[in-house]
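Here the structure is laid out as structure tokens; the discussion comes afterwards.
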Amino acid sequence: MKIKNICCIGAGYVGGPTMAVIAKNCPEIQVTVVDINPERIANWNDENLLKLPIYEPGLDKIIAQCRGKNLHFSTDIPNFIKSADLVFISVNTPTKTSGIGAGQAIDLKYVEESSRIIAKYANGHTIVVEKSTLPVKTAQTIKEILDASTMNNEEENKSFSVLSNPEFLAEGTAINDLVNPDRILIGGEDTQAINALVEIYSNWVDKDKVFTTDLWSSELSKLISNAFLAQRISSINTISALCESTGAKINDVALAVGMDKRIGSSFLNSGPGFGGSCFKKDISNLVYISNHYGLFEVANYWQKVLDINSWQQKRFVELIVKNMFGTISSKKIAILGFAFKANTNDTRESPAIYICRKLLEEGAFLNIYDPKVSSAQISKDLNFSNNQMLNHNWSFSNSLDDAFRNVDAALILTEWNEFQSLEWRNLSKLMRKPAWVFDTRSIVNIEEAQQYGMKVWQVGYGN
Ligand code: UDX
Ligand code: UDX
């Protein structure tokens with residue numbers, strides 16, 4: 001089976017970059033990314049590459065190279081499903097906000113909706129691939145919806161194979177992760193369909209990096225990979241507090257621990273807790289699944305990983321208030337970084353949201369600066385529906401100078417490159433004294449800042 005036309009439903013942080021890399025490496029395949037959101041599609045099609053809806057280093061180059069040739073963006077979902085031999089489902093899978101499993105279970109309505117659309121418009125044999133991270137056994141739901149559509153249409157000769165092919169890319173390094181993946185995981189039952197997908201990846205990925213298994217192991221492996229990564233961050237963040245109490249240095253502890261190759265050095269940076277669209281949602285889902293199977297100890301264990309994440313953020317707010325003479329009411333704070341990590345404009349589950357909301361509730365005024373997040377996005381994230389006054393207690397800064405003017409403190413929340421070499425000589429002059437910097441990412445050169453009169457608090461460093 002040779003794939004000629006691919007359609008991907010969902011032009012988001014996963015679907016967009018993934019399809020761009022497939023198009024770049026498979027010039028003989030036509031790849032179309034479809035989405036229900038016309039504004040998003042218009043931005044993907046904009047001549048001005050600065051308007052791409054997603055900021056991801058290296059993405060603009062690939063779009064410039066492939067768009068209009070074998071990479072297309074469209075809202076015409078039926079048409080492109082009709083002509084596709086392979087459809088990726090890459091829609092968002094949010095946590096349920098109400099009803100059974102609220103706050104933990106994943107809401108599969110978009111996946112279900114996508115399956116129904118595929119069932120309706122697909123033609124001939126279609127391979128349907130789950131790209132989104134989904135709870136184990138979701139492929140069963142997709143299959144049932146697709147199979148129901150084949151029952152009464154013998155003359156159309158519709159048939160489907162369902163595969164799981166979870167994406168492991170991390171935002172900010174998406175293109176590199178897609179071009180040089182640690183592994184490609186494919187789960188399924190239909191060998192022909194599996195081989196067709198393997199062939200696509202083998203255009204740029206070594207065959208020994210492609211691991212094939214059954215549907216359920218593939219779905220579960222993705223959830224568990226995220227759980228293990230998130231657990232490391234919660235572990236190191238508990239130690240950051242211990243370092244602050246004892247005078248040990250978190251970065252040195254992380255380095256010493258990480259030098260044991262069984263533990264490894266990556267993913268041991270202490271900070272304001274993990275954010276992003278995946279970790280909280282996936283660990284909540286793991287807790288939900290474990291409770292569902294009556295494995296309460298397992299559920300409690302993973303719940304603790306989430307609890308430590310919230311505790312780290314709460315702890316930071318409390319220590320900022322404590323250090324600023326017990327009150328931040330009517331004080332001004334510069335917020336440096338709003339994205340959940342550097343090199344992305346994504347703010348989903350960003351620690352900045354919780355921390356800024358709490359600082360506003362304590363009465364502070366915030367100057368918020370992020371090189372890639374828009375004022376409109378911050379406004380959406382910080383909206384207090386029941387307290388209009390708080391909605392006006394922050395402003396968007398276009399530059400570092402703007403952000404630092406007349407503030408009592410600067411709070412670093414994202415590890416953007418430009419925050420790693422702040423010019424304290426000039427910036428400290430713009431601030432009210434005593435001037436604080438609270439560094440939740442451990443990137444400030446403490447001695448240099450102190451030299452210009454700054455009082456410094458840094459995660460994982462005590463005295
Ligand atoms: C999402 C999930 O968060 C993640 O768990 C999963 O692994 C991959 O999908 P992401 O690509 O970052 O990740 O989501 P998002 O940026 O929100 O993009 C999803 C897109 O799907 C949106 O543009 C949305 O408009 C579109 N969509 C959603 C549809 O086209 N049809 C739908 O029915 C629902
Ligand atoms: C993650 C997984 O890495 C990826 O494999 C999966 O497909 C989707 O979820 P992403 O959410 O884009 O990717 O970002 P990641 O780099 O994993 O960071 C997640 C959070 O952990 C960020 O808030 C980051 O700041 C935090 N983090 C990461 C730390 O606090 N310390 C670290 O050492 C690493």
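Remember, it's 1-based here, ligands and their atoms both numbered in the order they're listed. Keep in mind the model is a prediction, meaning the values are calculated, not measured.
- Ranking protein heavy atoms by distance to atom 1 (C) of ligand 2, first place goes to Phe279 CE2, 3.5 Å.
- Taking only nitrogen or oxygen atoms, main chain and side chain alike, Gly271 does not reach within less than 3.5 Å of ligand 2.
- Scanning the protein heavy atoms around atom 29 (C) of ligand 1, the nearest turns out to be Ile36 CG1, 3.4 Å.
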Q: Determine, step by step, whether Asn237 and Ser270 satisfy the side chain to side chain donor-acceptor pair (under 3.5 Å) criterion, reporting the C-alpha distance in whole Å, the side-chain angles of both residues, the deciding distance to 0.1 Å, and the verdict.
A: CA-CA 5 Å; Asn237 283 343; Ser270 185; 2.8 Å; yes
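- Between Gly275 and ligand 2 there is a heavy-atom distance shorter than 4.0 Å.
- For the pair Arg357 (side chain) and Asn383 (backbone), a donor-acceptor distance under 3.5 Å is present.
- Of all atoms in ligand 2, listed by their number and element, those nearer than 4.0 Å to a heavy atom of Leu229 are 3 (O).
- Of the listed residues (Arg348, Glu167, Lys222), the one carrying the non-hydrogen atom nearest atom 12 (O) of ligand 1 is Arg348.
- Contacts of Leu268 with ligand 2, taken as heavy-atom pairs under 4.0 Å, involve the backbone alone.
- Judged by distance alone, with hydrogens and angles left aside, the side-chain atoms of Trp204 form no donor-acceptor pair with the main-chain N or O of Lys24 at under 3.5 Å.
- A cation-pi contact, defined as under 6.0 Å to the ring centre and within 45° of the axis, links Lys372 to Tyr55.
- Under a 4.0 Å criterion applied to the non-hydrogen atoms of Glu171, ligand 2 contributes the atoms 10 (P), 12 (O).
- The heavy atom nearest to atom 24 (C) of ligand 1, considering only Leu169, Asp35, Asn37, is found in Asp35.
- Of the charged side-chain nitrogens involved, at least one lies within less than 4.0 Å of a carboxylate oxygen, so that Arg116 and Glu112 count as a salt-bridged pair.
- Listed by atom number, the atoms of ligand 2 under 4.0 Å from Cys278 heavy atoms are 8 (C), 9 (O).
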(Q) Evaluate Asp214 against Ser217 for side chain to side chain donor-acceptor pair (under 3.5 Å), listing each step before the verdict. (A) CA-CA 6 Å; Asp214 61 278; Ser217 304; 2.7 Å; yes
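- Of all atoms in ligand 2, numbered sequentially from 1 with element shown, those under 4.0 Å from a heavy atom of Arg441 are 25 (O).
- For atom 13 (O) of ligand 1, the closest non-hydrogen atom on the protein side is Val14 CG2, 3.7 Å.
- In this structure, Glu171 pairs ionically with Arg348, as a charged nitrogen and a carboxylate oxygen lie closer than 4.0 Å.
- The protein atom (non-hydrogen) at minimum distance from atom 33 (O) of ligand 1 is Tyr110 CD2, 3.8 Å.
- Not one N or O of Glu415 is nearer than 3.5 Å to an N or O of ligand 2, by distance alone.
- Centroid-to-centroid, the aromatic rings of Trp457 and Phe316 come within less than 6.0 Å.
- Taking distance alone, with nitrogen or oxygen atoms compared against 3.5 Å, Ile233 stays at or beyond that limit from ligand 2.
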